[in-house]
Amino acid sequence: MQEAAMASARRTSLSFLMVAAAVVASASLADGAAASPKATPQTSPQCFAPPSAVAFLRQRCATTLYRLVCYDALIPYGCTFNTSHVKLARAAADVNAARLRSLSLRTKELVSRGSPGESAGVAAVIRDCASMASSASNHAKETAAELARLDAMRDAAKGSQLRWAMSNAKTWLSAAMTNEATCADGLGFSGAAVSPAAREVIAEVVTAKQYTSIAMSLVNAIPLS
Ligand SMILES: *[C@@H]1O[C@H](CO)[C@@H](O)[C@H](O)[C@H]1NC(C)=O
């Protein structure tokens with residue numbers, strides 16, 4: 001048991017060194033106790049959610065603004081979170097990050113492909129959205145990493161430590177929301193409605209905003225004791 005823990009600690013410190021440069025900003029935000037920043041998203045597990053997870057998710061999603069989107073997006077993770085608020089919030093942040101990443105890739109693609117026949121205004125807004133989506137995607141990843149650290153602390157996370165981690169997670173999500181809102185506002189002018197590329201980005205941003213809102217609700221619901 002102890003050997004396994006030490007081996008795991010060695011692996012952790014090695015992987016920490018390898019990713020240290022990338023996570024230095026987030027690591028400095030974390031409490032000293034946060035030993036292993038894990039930015040790797042959970043892969044979608046191939047398993048069925050136990051009935052306890054189904055009931056828990058129904059109940060938690062009912063407190064969000066998008067009950068059905070929440071349930072459908074997160075039920076595939078049922079066996080990882082079961083009845084854990086932190087694990088559920090982490091799954092929501094992972095799903096949100098993946099969504100924003102695909103938005104980021106798609107908008108970049110639209111920018112590099114160019115849009116013959118698009119007005120210069122539309123092209124400029126899509127360019128802005130590409131950069132907003134890229135930042136938002138990074139912010140959602142930071143949120144997931146913060147929740148992964150909180151999850152790794154388990155019962156050791158108490159009081160100020162827990163509040164600090166939650167506050168960081170909420171700060172990252174708020175930043176993502178600001179990015180999404182900036183993109184959505186940019187696309188709100190009438191010229192955008194006639195552009196297929198702009199319409200596609202609008203639809204994606206609307207969905208991404210829902211996922212971010214869901215993640216925020218679930219982070220807010222993490223009990224402080
Ligand atoms: C899931 O949570 C329930 C209730 O908290 C518990 O009884 C059950 O053993 C857990 N199942 C798994 C697979 O962890």
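Numbering of residues begins at 1 and proceeds along the displayed sequence. Counting starts at 1 for both ligands and their atoms, in listed order.
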May I ask you to decide if T178's main-chain N or O and T182's side chain share a donor-acceptor pair within less than 3.5 Å?
-> yes
Examine distances only and state if a side-chain atom of S135 and a backbone atom of S131 form a donor-acceptor pair shorter than 3.5 Å.
-> yes
Atom 2 (O) of ligand 1: closest protein heavy atom, distance to 0.1 Å, is N82 ND2, 2.4 Å
More than 12 heavy atoms of other residues, nucleotides or ligands under 6.0 Å from CZ of R199: is that the case?
-> yes
Under-4.0 Å heavy-atom contact between protein and atom 9 (O) of ligand 1 = no
Under the 4.0 Å line, does any protein heavy atom show up next to atom 5 (O) of ligand 1?
-> yes
V69 and Y211 have their tightest heavy-atom pair at CG1-CE1, 4.0 Å
